[in-house]
Protein chains: 2
Amino acid sequence: MLSPIRAKTFENDYSLDAVLPAPGACARFHRDEEIFGEGEAADYVYQVISGAVRTYRILRDGRRQIDEFHFAGDYFGLEMTETHRINAEAMSDATVRMIRRGALSDLAAQRGDAARALFRLTAEGLQRCQDHVLMLGRRSAQERVVGLLLDIATRTRADAELDVPMSRQDMADYLGLTIETVSRTLTSLQDEGLIALPTVRHMVLKDRRALERLVA
Amino acid sequence: MLSPIRAKTFENDYSLDAVLPAPGACARFHRDEEIFGEGEAADYVYQVISGAVRTYRILRDGRRQIDEFHFAGDYFGLEMTETHRINAEAMSDATVRMIRRGALSDLAAQRGDAARALFRLTAEGLQRCQDHVLMLGRRSAQERVVGLLLDIATRTRADAELDVPMSRQDMADYLGLTIETVSRTLTSLQDEGLIALPTVRHMVLKDRRALERLVA
DNA sequence: CGGCTGATTGAGGCTCGTCAAATGTCGTGG
DNA sequence: CCACGACATTTGACGAGCCTCAATCAGCCG
């Protein structure tokens, strides 16, 4: 089961949450159901209420790259183009709030704090994306896997006990690896005593200090 | 020599150029000179007037990942944090316009079009970053190199004749490869007749159609 | 208890990295 | 103008890390 997740670690005064009217229209999606696809009109911006969502892109030959995992509180689908450049799917059964893009830009035009919140959201996404680039460009398989585990721990406010909300394939496609490499890396981390793998989707960080040193 | 470069391919109505007062304070930097470094106060936003700039991050052990190349017209250093998370250096002798961050946020607070321009700039950066992630996560060395060459061609509005403004090391650190692999890939592209390499920094795209098929 | 899906493990191969040497390029000074 | 030296790039040989393909194992649900 997934721990409760708050949207962001930093000042929430600038969060869209504070600006937006109370929960409007929501939709429910089943595991692996598409929320929006590349090329579709980008009429909505979304916020995860519960569950988890992945956004990704696909090359002609089927290679998939996951951009980002989105947990409760996170916004996604905020694009500047008329149509979506990326795809979004529910990773688990999920309820998602849908905000009309038009309404949002009206709000931003009227209220400075709303515009600032949108800007901040995009800038935070850019920061995370830059971290992702560094990871994919210059880190080893082990560093990538450890980095993801620590990221999940932080974002889910988990201490040592980790509920991993994604499959090995999702992890691989986020990290630019194959499922086999992800799997092998996890068992080798277990062999070294750094983590434990009670079940496939439940992990324990046994030596967080050492793990953090690995990605320093 | 570098071809003249315009800032962006799309609508410039929303560009900061249209909003900002005529050229304010500028600074000149020599090749490889630092413009700002990680951890420094982010007091300015920058625009390349002439020359080229790289922004990058470095891991403890020296591994470097270039985030982005910035050419004439491009803005960079636009971060939301108080201090810079990344580094910026001149790739060639460059003149750079410096805009006080405070002045920019005042402007954004007063004028909706300025706020929108800033937002758009950040969102475009995010798009480029997502493309970069896809490249690093799921593309082969050859696809990465070809992708970069085509990107340079587009951004410099070059047809077939390319002036490459960066070293092999810069290319490698942008593409998540080594200089040796970049070099080997370029000569193999030459052997296949897809490009020509008259000099180290001057390339000719001999079969652009075929090159574009390679990164489809 | 099967059967299905997803994860792990194993063997072998390919791509790209490492280390080293050769070659090219460019600026400087004779 | 040419020679030299410093540095960048290319090339080669080899090895490591990750991928591919295939088999086995573990959960999960009817």
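A, B, ... follow the sequence lines: proteins, then strands. Residue 1 opens every chain.
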Inset, instruction - Return the value, rounded to whole Å, for the distance between atom CZ of Arg144(B) and atom C1' of dG17(C). - result: 12 Å
Inset, instruction - May I ask you to check whether Tyr174(B) and His132(B) place their ring centers less than 6.0 Å from one another? - result: yes
Legend entry - Closest-nucleotide ordering on DNA chain D, the 5'-leading residue of Asp32(B) and Thr178(A): Asp32(B)
Legend entry - Of Gln142(A) and Pro198(A), the one whose closest DNA chain D nucleotide lies more 5': Gln142(A)
Legend entry - Gap between atoms CZ and P, on Arg139(A) and dG17(C) respectively (whole Å): 17 Å
Inset, instruction - Rounded off to whole Å, could you give me the CG-to-P distance for the Leu177(B) and dG17(D) pair? - result: 17 Å
Legend entry - Donor/acceptor link under 3.5 angstrom from Arg184(B) side chain onto base of dT18(C): yes
Inset, instruction - Round to a whole Å and report the spacing from CD1 of Ile195(B) to P of dT10(D). - result: 10 Å
Inset, instruction - Determine yes or no for a side-chain-to-main-chain donor-acceptor pair under 3.5 angstrom, with Arg138(A) supplying the side chain and Leu177(B) the backbone. - result: yes
Inset, instruction - Kindly point out which of dT11(D), dA22(D), dT10(D) is positioned nearest to the side chain of Glu180(A)? - result: dA22(D)
Legend entry - Atom-pair distance (CG on Leu189(B); C1' on dT10(D)), nearest Å: 15 Å
Inset, instruction - Please check the phosphate of dG17(C) (OP1 and OP2 only) for any side-chain N or O of Thr181(B) closer than 4.0 Å. - result: yes
Legend entry - Given dG10(C), dT9(D), dA20(C), the nucleotide with the shortest approach to the side chain of Ser183(B): dT9(D)
Inset, instruction - Assess the side chains of Asp173(B) and Gln169(B): does a donor N or O sit below 3.5 Å from an acceptor N or O? - result: yes
Inset, instruction - Tell me what Leu186(B) touches on the nucleic acid: a base, only sugar-phosphate, or nothing, going by heavy atoms under 4.0 Å. - result: nothing
Inset, instruction - Kindly say if Thr187(A) contacts the phosphate of dT9(C), meaning a side-chain N or O under 4.0 Å from OP1 or OP2. - result: yes
Inset, instruction - Classify the nucleic acid contact of Thr199(A) as base, sugar-phosphate or nothing, counting any heavy atom under 4.0 Å across all strands shown. - result: nothing
Inset, instruction - Please test Phe76(A) against Tyr46(A) for ring-ring contact (aromatic ring centres under 6.0 Å, His included), starting from the C-alpha separation and ending with a verdict. - result: CA-CA 5 Å; Phe76(A) 66 98; Tyr46(A) 303 82; 5.3 Å; yes
Legend entry - Quiz item: cation-pi between Arg64(B) and Tyr56(B), 6.0 Å / 45°: yes
Inset, instruction - Compare the minimum distances between each of dG10(C), dT10(D), dC19(D) and the side chain of Val200(B), then state the nucleotide with the smallest one. - result: dT10(D)
Inset, instruction - Specify the separation, in whole Å, of atom CE of Met203(A) and atom P of dA7(C). - result: 10 Å
Inset, instruction - Let me know the distance between CG of Leu175(B) and C1' of dG17(C), rounded to the nearest Å. - result: 15 Å
Inset, instruction - Could you tell me the separation between the CZ atom of Arg201(A) and the C1' atom of dT5(C), rounded to a whole number of Å? - result: 12 Å
